[in-house]
Amino acid sequence: MSKPVKNWMIRDYQDRLEGVDDALVISIRGIEANENNRLRQELGNKGIRITIVRNNLAKHAFKDTGLAALEPAMSGPSALAYGGESVVDVARELLKWAEEVEQLELKAACIEGELYEGEAGVKAVSKLPTRDEAIANVVTLVLSPARNLSGVLGGPAGALAGCLKAIQDKLEKGEEITKVG
């Protein structure tokens, strides 16, 4: 392959993956064409893209980006899976597909420059919370002390309000209120 073609491919990778800092390296070698098309179409419907890459050219394209951490996993037939809401969603989807399609190999994942190697690394990434899940957890943690406090304060106040309502009802009916104990 000539140097101008290599440079063109490196620029193409850089253009396609501009702004992408988190991705998975997979191998789709050996997957039948119909299965491969179904995989790509269903992932595409969820905003997940798969791009076949030439390892050495991809390594040059990823220099000085968050994807540079993927370099150790870039051997043999490689493809990048990226997109979706987050790399966690991509990992979850690919794990589902790996159960169905034996030939789908999960090589590595990269989040914010940190490499998670092998299928075990991809499983670890899939168990992380997505951005929305993390925000929901933080909001729950922030609100739970206030919720607990209102429950503590509301319990005795509710009982007192119930007693006062009973006294009011008796007085409105003209009944006599007797002192207890």
Expected list for residues 120-127: side-chain donor-acceptor pairs under 3.5 angstrom, two or more places apart:
{"unit_1": "S126", "atom_1": "OG", "unit_2": "K123", "atom_2": "O", "d": "2.7"}

Legend entry - Within 6.0 Å of CD in E102, more than 12 heavy atoms from elsewhere: no
Legend entry - Heavy-atom neighbours of R40 CZ exceed 12 at 6.0 Å: yes
Pair up each side-chain donor or acceptor in residues 65-79 with any protein partner under 3.5 Å, not counting sequence neighbours, and list the distances.
{"unit_1": "T65", "atom_1": "OG1", "unit_2": "F62", "atom_2": "O", "d": "2.6"}
{"unit_1": "T65", "atom_1": "OG1", "unit_2": "L67", "atom_2": "N", "d": "3.2"}
{"unit_1": "S78", "atom_1": "OG", "unit_2": "N55", "atom_2": "OD1", "d": "3.0"}
{"unit_1": "S78", "atom_1": "OG", "unit_2": "G76", "atom_2": "O", "d": "3.2"}
{"unit_1": "S78", "atom_1": "OG", "unit_2": "K107", "atom_2": "NZ", "d": "3.0"}

Inset, instruction - Would you check if the side chain of N36 reaches a backbone N or O of I31 as a donor-acceptor pair within less than 3.5 Å? - result: no
Cluster overlap [X] with [Y], hydrophobic side-chain contacts below 4.5 Å:
| X | Y | result |
| --- | --- | --- |
| V87 | V20 | no |
| I28 | V25 | no |
| V90 | Y13 | no |
| V101 | L24 | yes |
| I50 | L80 | no |

Can you check whether [X] reaches [Y] side chain to side chain, under 4.5 Å on heavy atoms?
| X | Y | result |
| --- | --- | --- |
| E42 | W97 | yes |
| E112 | D21 | no |
| R29 | Q103 | no |

Residue list, side-chain contact (heavy atoms from CB on, under 4.5 Å) with [X], at least two apart or on another chain:
| X | value |
| --- | --- |
| E99 | none |
| E18 | none |
| E85 | D89 |
| R11 | N7, W8, Q14 |

Legend entry - Stepwise side-chain contact (heavy atoms from CB on, under 4.5 Å) check, K6 with R54: CA-CA 10 Å; K6 288 180 182 180; R54 293 187 58 104; over 6 Å; no
According to side chain to side chain donor-acceptor pair (under 3.5 Å), who are the partners of [X], at least two apart in sequence or on a separate chain?
| X | value |
| --- | --- |
| K59 | none |
| Y82 | T51 |
| K170 | none |
| R49 | none |

Legend entry - Partner residues of E35 under the salt bridge (charged side-chain N to carboxylate O under 4.0 Å, His left out) criterion, sequence neighbours left out: R38
Legend entry - Those residues that, when tested against R16, pass salt bridge (charged side-chain N to carboxylate O under 4.0 Å, His left out) (two or more places apart): D12
Inset, instruction - Please report the closest heavy-atom contact between L104 and A98, naming both atoms and the distance. - result: CD2-N, 3.7 Å
Roughly how far apart are [X] [atom1] and [Y] [atom2], rounded to 0.5 Å?
| X | Y | atom1 | atom2 | answer |
| --- | --- | --- | --- | --- |
| L128 | S86 | CG | OG | 9.0 Å |
| I26 | L39 | CD1 | CG | 6.5 Å |
| R92 | K96 | CZ | NZ | 8.5 Å |
| I167 | E172 | CD1 | CD | 12.5 Å |

Inset, instruction - Determine, for K173 against D169, whether the closest basic-nitrogen to carboxylate-oxygen distance falls under 4.0 angstrom. - result: no
